[in-house]
S.K.: 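Structure incoming, see below.
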Amino acid sequence: MGAGPAGLYGADALLKRGAQVDVFEAQFAPFGLVRYGVAPDHQKIKKTQVVFEKILHRPHLRLFANVRIGTDVTVPQLLDHYDQILVTMGSSGARALQVPGESLPGSLSATEFVNWYNSHPDFVDLAPVLDHPVAVVVGMGNVAIDVARILLRDPEDLDKTDISPVAVRALEKSRVNQVVLLARRGPNQAAFDQKEVRELAALPGIEVGVAGYIPKRRTPMSEFIASFPRANQLGGKKRVILWFCASPVEILGQTRVEAIRIEKNHLVQSAARMRAVGTGEYTKLECGLVLRAIGYHGTPLPDVSFSQETGTIPNDEGRVLDAPHGQVVRGLYVAGWIKRGPTGLIGTNKSCAVETVARMEEDLDQVGPERDPDAIVRLLRQRGVRFITEQEWTVLDAHETREGAARGRVRDKLSSLEQALKVLELRGQMGVA
Ligand code: NAP
């Protein structure tokens, strides 16, 4: 359930054990975070899509895309049709800062912004405000670095990728020339990979500088951070500032974001974690856009238990539980971010899915009589669900790459179900499967 990395790695492991697998996906297109999360200028990572394409076209796998579980069909209905269900719906929500002003126009989650530039159908109309020279990104992980890079990178370069053309036009008109990343803790606690910052600093016309606290104790990370100039020494046109020990306490503005109030922190060792504690010293920074890149958060699936605290489905090595530390729910399993939380790289989902599939295999003695594979097709049709099959996805994929190539781009993504259905209808009229 969910045709992203965890779902397709899970499907692959199940197919290798001789299972028949149906993959359900809410969007009309598969590949989840690879399509809608990975930055468009990271085409090397996006190429993992080839691996997932292969899995998708294996015998004994059927794709049912454009099916929303919980509305088009429920989990109890699916449990009536399948021996085992693997939930791999990821973490599509974003954590909230819980500071005043967070809902002002111009304050967005990085997740929304990332989905927008990746042509996610639900975010096409996001229209982020890019009319102020300063944008603030809260968080110091890889997503924060991704959005800073996309905000400042030459739109002409981005246009060669599969980025949304709407985003390219908006970025061409953008006035943003300074992106300030706020880390509540110090350099030694930064969550990004150094190579991501090196890539950013190596881009033509972009300077990286640091502000706030730099620890005296030398570590590879603190030395890496100290190798950048202080922010006030930067003179270039486009600047990224990594500001440490700084927390947003309020987003200010009358009808939209106009500034952010920042509190300086100091670090306090508590148990295994270094904690940020406010010093009561505040600064105001004028800006027009605030992006929260403080982590993804799972959303609940109707009829399935959920921990609001962790944003995950309670589970024991992938077996779904009816509550945290509760009883195992027969036939229901989980893998990927919705199992373990929003961390790790694409490949991490492989071992995660394989662990769950091993539990599914152990439980095969609980499986009932043989099922009719056409029953689910009949149910979806009865309910008027226009699902997209793997053959139809092949048509859409070919259309996107062909249209992209014609414009010197990697791919021109279809950004709505209506567009996708139109392509399929035209191909049908031309008699092409
Ligand atoms: P992340 O790595 O968990 O980083 C989240 C950042 O937000 C941390 O700096 C964290 O600081 C901060 N934060 C959390 N709560 C906060 C709060 N209330 N106030 C202020 N700051 C707060 O999350 P992510 O960047 O969303 O990335 C998610 C996963 O995807 C990661 O595993 C990442 O490596 C991966 N990813 C990889 C790539 C790539 O390889 N190019 C690209 C994108 C994403 P604290 O440490 O203080 O909590």
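Just so we're clear, the structure is a prediction, and the values are computed from it rather than from any experiment. All ligand and atom numbering here is 1-based and tracks the order in the structure. Hydrogens, waters and symmetry mates are skipped; everything else that's a heavy atom, side chains included, is used.
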S.K.: Using a plain distance cutoff, I'd like to know if L97 has any nitrogen or oxygen under 3.5 Å from a nitrogen or oxygen of ligand 1.
M.R.: no
S.K.: Could you check which of A110, P248, G141, G139 puts a non-hydrogen atom nearest to atom 12 (C) of ligand 1?
M.R.: G139
S.K.: Please answer whether the main-chain N or O of D162 pairs with a side-chain N or O of D412 as donor and acceptor at a distance below 3.5 Å.
M.R.: no
S.K.: Quick one: which ligand 1 atoms are inside 4.0 Å of a heavy atom on L345?
M.R.: 37 (C), 40 (O)
S.K.: Atom 9 (O) of ligand 1: which of M140, Q98, H297 has the nearest heavy atom?
M.R.: M140
S.K.: Please state which protein non-hydrogen atom is closest to atom 1 (P) of ligand 1 and give its distance, to 0.1 Å?
M.R.: A191 CB, 4.3 Å
S.K.: Does at least one non-hydrogen atom of R149 fall below 4.0 angstrom from an atom of ligand 1?
M.R.: no
S.K.: Please check if the side chain of N118 supplies one atom and the backbone of N115 the other of a donor-acceptor pair under 3.5 Å.
M.R.: no
S.K.: Measuring from the heavy atoms of S247, does anything fall under 4.0 Å of ligand 1?
M.R.: no
S.K.: Closest non-hydrogen protein atom to atom 15 (N) of ligand 1, residue and atom name please, with distance?
M.R.: R184 NH2, 3.3 Å
S.K.: Applying the salt bridge (charged side-chain N to carboxylate O under 4.0 Å, His left out) test to D159, which of R169, R409, R407, R153 qualifies?
M.R.: R409
S.K.: Quick check on the 6.0 Å ring-centre criterion: do Y213 and F244 meet it?
M.R.: no
S.K.: Quick test: of every protein heavy atom, which one is nearest to atom 24 (P) of ligand 1, and how far off is it to 0.1 Å?
M.R.: V143 CG2, 3.6 Å
S.K.: Taking atom 45 (P) of ligand 1 as the point of reference, which of R185, K195, M274 owns the nearest heavy atom?
M.R.: R185
S.K.: Please identify which atoms of ligand 1 are closer than 4.0 Å to at least one heavy atom of R273.
M.R.: 45 (P), 47 (O), 48 (O)
S.K.: I'd like to know if the side chain of H297 and the backbone of Q308 have a donor-acceptor N/O pair within less than 3.5 Å.
M.R.: yes
S.K.: Nearest protein heavy atom to atom 43 (C) of ligand 1, by residue and atom, and its distance?
M.R.: D146 OD2, 3.4 Å
S.K.: Would atom 3 (O) of ligand 1 count as contacted, meaning some protein heavy atom under 4.0 Å?
M.R.: no
S.K.: Between A39 and ligand 1, find which residue part has any heavy-atom pair under 4.0 Å and reply side chain, backbone, both or neither.
M.R.: neither
S.K.: Could you pull out the closest heavy-atom pair between S109 and A94, with the gap in Å?
M.R.: CB-CB, 3.4 Å
S.K.: Is it the side chain, the backbone, both or neither of P342 that has a heavy atom closer than 4.0 Å to ligand 1?
M.R.: backbone
S.K.: Heavy-atom distances under 4.0 Å are what count here, so tell me which part of I145 touches ligand 1: side chain, backbone, both or neither.
M.R.: neither
S.K.: Would you mind telling me if ligand 1 is within reach of the side chain of V38, the backbone, both or neither, using heavy atoms under 4.0 Å?
M.R.: neither
S.K.: What about the rings of F52 and Y9, do their centers lie closer together than 6.0 Å?
M.R.: yes
S.K.: In terms of atom number and element, which parts of ligand 1 are under 4.0 angstrom from non-hydrogen atoms of T343?
M.R.: 32 (O)
S.K.: Which heavy atom of the protein is the closest neighbour of atom 5 (C) of ligand 1, given with residue, atom name and distance?
M.R.: A293 O, 3.8 Å
S.K.: Can you tell which of N265, N142, T111 gets a heavy atom nearest to atom 34 (O) of ligand 1?
M.R.: N142
S.K.: For a quick check under 3.5 Å, do D41 and T161 share a side-chain donor-acceptor pair by atom type?
M.R.: no
S.K.: Going by atom type alone, with no hydrogens or angles, which donor-acceptor pairs under 3.5 Å involve a side-chain atom of residues 203-211 and a protein atom two or more places apart or on another chain?
M.R.:
from: E207; atom 1: OE1; to: G235; atom 2: N; distance (Å): 3.2
from: E207; atom 1: OE1; to: G236; atom 2: N; distance (Å): 2.8

S.K.: A183 near ligand 1, heavy-atom distance under 4.0 Å?
M.R.: no
S.K.: Has R292 got a side-chain atom pairing as donor or acceptor with R95's backbone, closer than 3.5 angstrom?
M.R.: yes
S.K.: How about K173 and L130: do any of their side-chain heavy atoms sit closer than 4.5 Å?
M.R.: no
S.K.: State, without any angle test, whether T394 and Q391 hold a side-chain donor-acceptor pair at a distance under 3.5 Å.
M.R.: no
S.K.: Counting each atom of ligand 1 from 1 as listed, which ones have a heavy atom of E196 under 4.0 Å away?
M.R.: 41 (N)
S.K.: Just to confirm my output: which protein heavy-atom neighbour is closest to atom 22 (C) of ligand 1, and how far is it?
M.R.: I294 CG2, 3.4 Å
S.K.: Does a side-chain N-to-carboxylate-O contact under 4.0 Å join D397 and R411?
M.R.: yes
S.K.: Side chain or backbone, does G344 bring an N or O within less than 3.5 Å of an N or O on ligand 1?
M.R.: yes
S.K.: Checking Y333 against N315: is there a side-chain donor and acceptor pair closer than 3.5 Å?
M.R.: no
S.K.: Regarding N265 and S247, is there a side-chain donor-to-acceptor distance under 3.5 Å anywhere?
M.R.: yes
S.K.: Which residue and non-hydrogen atom of the protein lie closest to atom 23 (O) of ligand 1, and at what distance in Å?
M.R.: G295 CA, 4.1 Å
